[in-house]
> 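Questions regarding the structure given below will be posed in turn.
Remember, predicted model here, so these are calculated numbers, not experimental data. Keep in mind that the numbers below use all heavy atoms, side chains included, and drop hydrogens, waters and symmetry copies.
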Amino acid sequence: GIEQRTIDPILQDIGTGHALFMVNDIDAIMPRLEAAGLSTLATSGQPVFISPTTKALFVKEPNNFFIEFMQNNVAQ
């Protein structure tokens with residue numbers, strides 16, 4: 001008997017959770033995400049550098065949960 005409602009969080013909301021997966025080749029993840037019907041939240045549609053050696057991307061899966069993929073030791 002508990003009321004339930006759907007929420008549509010944004011990544012910047014305080015307390016919004018996400019799962020982080022460290023990967024060896026973030027560029028290889030892109031075709032797999034596209035095949036699953038997902039796309040990065042970046043306006044470029046591509047992984048972005050968050051530091052000189054780290055690329056990352058976020059996707060929002062069908063249940064409105066955020067997933068992050070990150071690769072360290074990338075040459076810019």
> Should Val23 and Met30 be regarded as members of a common hydrophobic cluster, given that ILVMFWY residues are connected when their side-chain heavy atoms come within less than 4.5 Å of each other, either directly or indirectly?
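Yes, same cluster.
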> Tell me whether Asp13 at atom CG has more than 12 heavy atoms from other residues, nucleotides or ligands lying less than 6.0 Å away.
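Yes, because the 6.0 Å sphere around CG of Asp13 holds more than 12 heavy atoms from other groups.
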> Could you tell me whether the side chain of Glu34 and the main chain of Gly37 form a donor-acceptor pair under 3.5 Å?
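It does not hold such a pair.
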> Under the criterion side-chain contact (heavy atoms from CB on, under 4.5 Å), I'd like the reasoning laid out for Val59 against Phe66: C-alpha separation, chi angles, the key distance, then a yes or no.
CA-CA 6 Å; Val59 297; Phe66 293 102; over 6 Å; no
> Tell me whether Asp25 contacts the main-chain N or O of Asp27 through its side chain, where contact means a donor paired with an acceptor under 3.5 Å.
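Judged by distance alone, yes, a pair lies under 3.5 Å.
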> Side chains of Asn72 and Thr54: any donor to acceptor distance under 3.5 Å?
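Yes - a donor-acceptor pair under 3.5 Å links their side chains.
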> Answer yes if Met70 and Ile67 sit in the same cluster of Ile, Leu, Val, Met, Phe, Trp and Tyr residues linked by side chain heavy atoms under 4.5 Å apart, and no otherwise.
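Different clusters.
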> Before accepting this row, confirm whether a basic side-chain N of the pair Asp8/Lys60 lies closer than 4.0 Å to the acidic partner's carboxylate O.
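Here Asp8 pairs with Lys60 in a salt bridge, since their nearest N and O are under 4.0 Å apart.
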> Indicate, with yes or no, if Phe21 and Leu38 share a hydrophobic cluster defined by side-chain heavy-atom contacts under 4.5 Å among Ile, Leu, Val, Met, Phe, Trp and Tyr.
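Leu38 clusters together with Phe21.
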> Indicate, with yes or no, if the rings of His18 and Phe58 have centres closer together than 6.0 Å.
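Ring centres of Phe58 and His18 closer than 6.0 Å.
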> Does the side chain of Leu20 reach to within under 4.5 Å of the side chain of Phe69, using non-hydrogen atoms?
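They are not in side-chain contact.
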> Go through the steps for Leu33 and Leu57 under the test side-chain contact (heavy atoms from CB on, under 4.5 Å), then give the verdict.
CA-CA 11 Å; Leu33 293 174; Leu57 66 88; 3.7 Å; yes
> Measure the CZ-CD1 distance between Arg5 and Ile2 for me, rounded to the nearest 0.5 Å.
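Answer for the CZ-CD1 pair, Arg5 versus Ile2, is 13.5 Å.
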> Please check: side-chain N/O of Gln71 versus main-chain N/O of Lys55, any donor-acceptor pairing under 3.5 Å?
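Looks like no, no N/O pair under 3.5 Å.
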> Treat each ILVMFWY residue as a node, draw an edge where side-chain heavy atoms are under 4.5 Å apart, and state whether Met22 and Val48 are in one component.
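Looking at the clustering, Val48 is in the same group as Met22.
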